[in-house]
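Below is one structure, written out as structure tokens; comments come after it.
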Amino acid sequence: QAPLLESGGGSVQMGGSLRLSCTASRRALSHWPMAWFRRAPGREREFVAAINPSGRSTYLMDTVAGRFAISRDTALNTISLQMSDLKPEDTARYYCAARRYNDIDLPTRAQDYDAWGLGTQVTVSV
């Protein structure tokens, strides 16, 4: 079983919205820096957004800033990615990631994360 579980993907039309969620199967997420990455067909995995353990600090890549928001709910043991004004270029499989040590401020490299989910597919049509 993957340590993280994503949900909320689906198919939407351009301009639509989706909310992705991520939870841990066996432990609390509250102490971990977390992030969302995505991989589109034929492309490298890319960073989307990161959030620190307290949830008070976030960072999003330029192409989604203003359209996406990352948040965490400690009580529900989840992090979320609210996606609005979706574009066809947002089509990808989205992955949740966690770093077991809080020693890097909002890491953006995939190699800085050591727990991953299996991903959830987001498809945006014209």
Side-chain angles (χ1 to χ4, degrees):
Q1 185 178 9
L4 301 174
L5 179 64
E6 304 93 337
S7 62
S11 297
V12 295
Q13 289 190 318
M14 185 171 61
S17 299
L18 282 173
R19 185 177 181 89
L20 306 183
S21 293
C22 171
T23 190
S25 59
R26 288 176 292 182
R27 60 188 67 191
L29 301 174
S30 58
H31 302 297
W32 297 0
M34 304 284 296
W36 288 95
F37 288 77
R38 69 186 183 187
R39 175 176 281 160
R43 299 188 63 178
E44 296 291 320
R45 178 171 47 187
E46 66 176 351
F47 168 81
V48 176
I51 188 166
N52 74 342
S54 72
R56 288 191 287 267
S57 183
T58 64
Y59 178 71
L60 292 92
M61 72 171 181
D62 290 345
T63 56
V64 305
R67 299 189 296 121
F68 291 11
I70 185 172
S71 61
R72 68 194 308 153
D73 187 324
T74 301
L76 296 178
N77 200 35
T78 62
I79 67 164
S80 298
L81 185 69
Q82 178 66 47
M83 305 185 295
S84 302
D85 190 23
L86 283 160
K87 306 176 186 298
E89 51 265 40
D90 295 317
T91 294
R93 191 163 186 86
Y94 285 70
Y95 297 87
C96 177
R99 179 177 174 82
R100 292 193 178 95
Y101 301 102
N102 185 26
D103 56 349
I104 301 176
D105 186 33
L106 298 172
T108 61
R109 302 183 309 168
Q111 57 262 44
D112 290 330
Y113 293 88
D114 41 30
W116 294 83
L118 298 179
T120 185
Q121 179 66 33
V122 171
T123 302
V124 185
S125 59
V126 175

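Numbering starts at 1 and runs along the sequence shown.
In this structure the side chain of W32 never reaches within 4.5 angstrom of the side chain of I51, judged on heavy atoms. You'll find the side chain of R38 reaches within 4.5 Å of the side chain of D90, heavy atoms only. A heavy-atom distance below 4.5 Å is not found between the side chains of P33 and I104.
Relative to the six-membered ring of W116, R45 meets both conditions, a distance below 6.0 Å and an angle of at most 45° to the axis.
Using the six-membered ring where Trp is involved, F47 and F37 have ring planes that are perpendicular, over 60° apart on the 30 and 60° scheme.
Here the closest heavy-atom approach between residue G119 and residue E6 is recorded as N-OE1, 2.9 Å. When every heavy atom of A92 is checked against every heavy atom of Q121, the shortest pair comes out as O-NE2, 3.4 Å. Nearest approach of L4 to A115, heavy atoms of both residues: CD1-O, 3.4 Å. In terms of heavy atoms, G8 sits closest to L18 at O-CD2, 3.8 Å. Listed here is the closest heavy atom pair of Q82 and S17: NE2-CB, 4.1 Å.
Here the side chain of R72 pairs no donor or acceptor atom with the backbone of T74 at under 3.5 angstrom.
Surrounding CD of E89 are more than 12 heavy atoms belonging to other residues, nucleotides or ligands, all under 6.0 Å away.
Residue L118 is not grouped with residue Y95 when hydrophobic side chains (ILVMFWY) are merged at heavy-atom distances under 4.5 angstrom, including chains of intermediate members.
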